[in-house]
Peer 1: 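So that we are looking at the same thing, I have put the structure below in structure tokens.
No experiment lies behind these values; they were computed from the predicted model shown.
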Amino acid sequence: MFDSLNISASALTAQRLRMDVTSSNIANAQTTRGKLVNGVWEPYRRKMTVMEPREKNFNEILQNEMQKQSGSQQQLQGVRVTGIVEDQTPFKAVYDPSHPDANADGYVYMPNVDLSKEMVDLLAASRSYEANVTAFNTGKSMMLKALEIGQ
């Protein structure tokens, strides 16, 4: 009975983390000192969330289908964030010899954050979050109406 609420709740958690990571990328779009690597400051590197269904491998799906055939209820589980990975695209070199982080040739390496990509990702995560809030509220409303039937 609560499967739909649990699935929506897992999606809400995942999309909230996705929005947090995207917000962090936007906030650090001009950060030229991220990590110290081999004695050199590396700029901030864009981060991305990796999500997967909680029921992920063939054996689990097969076992659930076999249980469903034998009369057991299939356990739906939603989505989870499996990690936050760094984007390995190269940094942008910008000529600015007056910048404190400029190298000997006058170039500053800027983060690999593209603000237009981040805004699209933030918008998609926000819309997904809103859709899951709506699904959660609809499921809750249906459960309340089912309880009213018994009165």
Peer 1: Check Gly139 against Ser4 and note the closest heavy-atom contact, atom names and distance.
Peer 2: CA-OG, 4.5 Å
Peer 1: The test is side chain to side chain donor-acceptor pair (under 3.5 Å); show your working for Thr22 and Asp20 and say whether it passes.
Peer 2: CA-CA 5 Å; Thr22 304; Asp20 289 344; over 6 Å; no
Peer 1: Looking at every heavy atom in both Val108 and Asp101, which two are closest together, and how far apart are they?
Peer 2: CG2-C, 4.3 Å
Peer 1: Apply the hydrophobic cluster definition, ILVMFWY joined by side-chain contacts under 4.5 Å directly or through others, and give me every member besides Tyr95.
Peer 2: Tyr107
Peer 1: Checking the side chain of Ser8 only, and the main-chain atoms of Ala135 only, is there a donor and an acceptor separated by less than 3.5 Å?
Peer 2: no
Peer 1: Do NZ/NE/NH1/NH2 and the carboxylate oxygens of Glu52 and Arg80 come within less than 4.0 Å?
Peer 2: yes
Peer 1: If you count heavy atoms of other groups shown closer than 6.0 angstrom to NZ of Lys35, is the number above 12?
Peer 2: no
Peer 1: Looking at every heavy atom in both Thr31 and Pro111, which two are closest together, and how far apart are they?
Peer 2: O-CG, 3.1 Å
Peer 1: Does the Thr82 side chain pair with the main chain of Val50, one donor and one acceptor, at a distance under 3.5 Å?
Peer 2: yes
Peer 1: Ignoring hydrogens and geometry, is there a side-chain-to-backbone donor-acceptor pair from Ser23 to Met19 under 3.5 Å?
Peer 2: yes
Peer 1: Determine, for Asp87 against Lys47, whether the closest basic-nitrogen to carboxylate-oxygen distance falls under 4.0 angstrom.
Peer 2: no
Peer 1: Just wondering, more than 12 heavy atoms not from Arg127 lying within 6.0 Å of its CZ?
Peer 2: no
Peer 1: State, with a plain yes or no, whether a side-chain heavy atom of Val21 is found less than 4.5 Å away from one of Asn25.
Peer 2: yes
Peer 1: Quick one: ring pair (Phe, Tyr, Trp, His ring centres under 6.0 Å) pairs with a partner in residues 109-147, sequence neighbours left out?
Peer 2: none
Peer 1: Give a yes or no on whether the backbone of Thr134 and the side-chain of Thr138 come within a donor-acceptor separation of less than 3.5 Å.
Peer 2: yes
Peer 1: Can you get from Phe91 to Met110 by hopping between Ile, Leu, Val, Met, Phe, Trp and Tyr side chains that sit under 4.5 Å apart?
Peer 2: no
Peer 1: Is it the case that atom CE in Met142 sees more than 12 heavy atoms from other parts of the structure closer than 6.0 Å?
Peer 2: no
Peer 1: Taking it one step at a time, do Glu86 and Arg46 satisfy side chain to side chain contact (heavy atoms under 4.5 Å, CB included)?
Peer 2: CA-CA 6 Å; Glu86 291 184 341; Arg46 178 178 184 247; over 6 Å; no
Peer 1: Measure the CG-CG distance between Leu122 and Leu115 for me, rounded to the nearest 0.5 Å.
Peer 2: 11.5 Å
Peer 1: Are Val113 and Asn28 close enough that some pair of their side-chain heavy atoms sits under 4.5 Å apart?
Peer 2: no
Peer 1: Can you check whether Met51 reaches Gln15 side chain to side chain, under 4.5 Å on heavy atoms?
Peer 2: yes
Peer 1: Kindly compute the distance separating CG (Asp3) from CD1 (Ile7), expressed to the nearest 0.5 Å.
Peer 2: 5.5 Å
Peer 1: What I'd like to find out is whether the side chain of Asn112 reaches to under 4.5 Å of the side chain of Arg45, using heavy atoms alone.
Peer 2: yes
Peer 1: Which value, rounded to the nearest 0.5 Å, describes the distance between Leu123 atom CG and Ser128 atom OG?
Peer 2: 11.0 Å
Peer 1: How long is the straight-line distance from OG of Ser141 back to NZ of Lys145, given to the nearest 0.5 Å?
Peer 2: 6.0 Å
Peer 1: For the pair Arg33 and Glu42, find out whether any cationic side-chain nitrogen is under 4.0 Å from an anionic carboxylate oxygen.
Peer 2: no
Peer 1: Are the charged groups of Lys117 and Asp121 less than 4.0 angstrom apart, N to O?
Peer 2: no
Peer 1: Does Glu148, at its CD atom, have more than 12 non-hydrogen atoms belonging to other residues, nucleotides or ligands within less than 6.0 Å?
Peer 2: yes
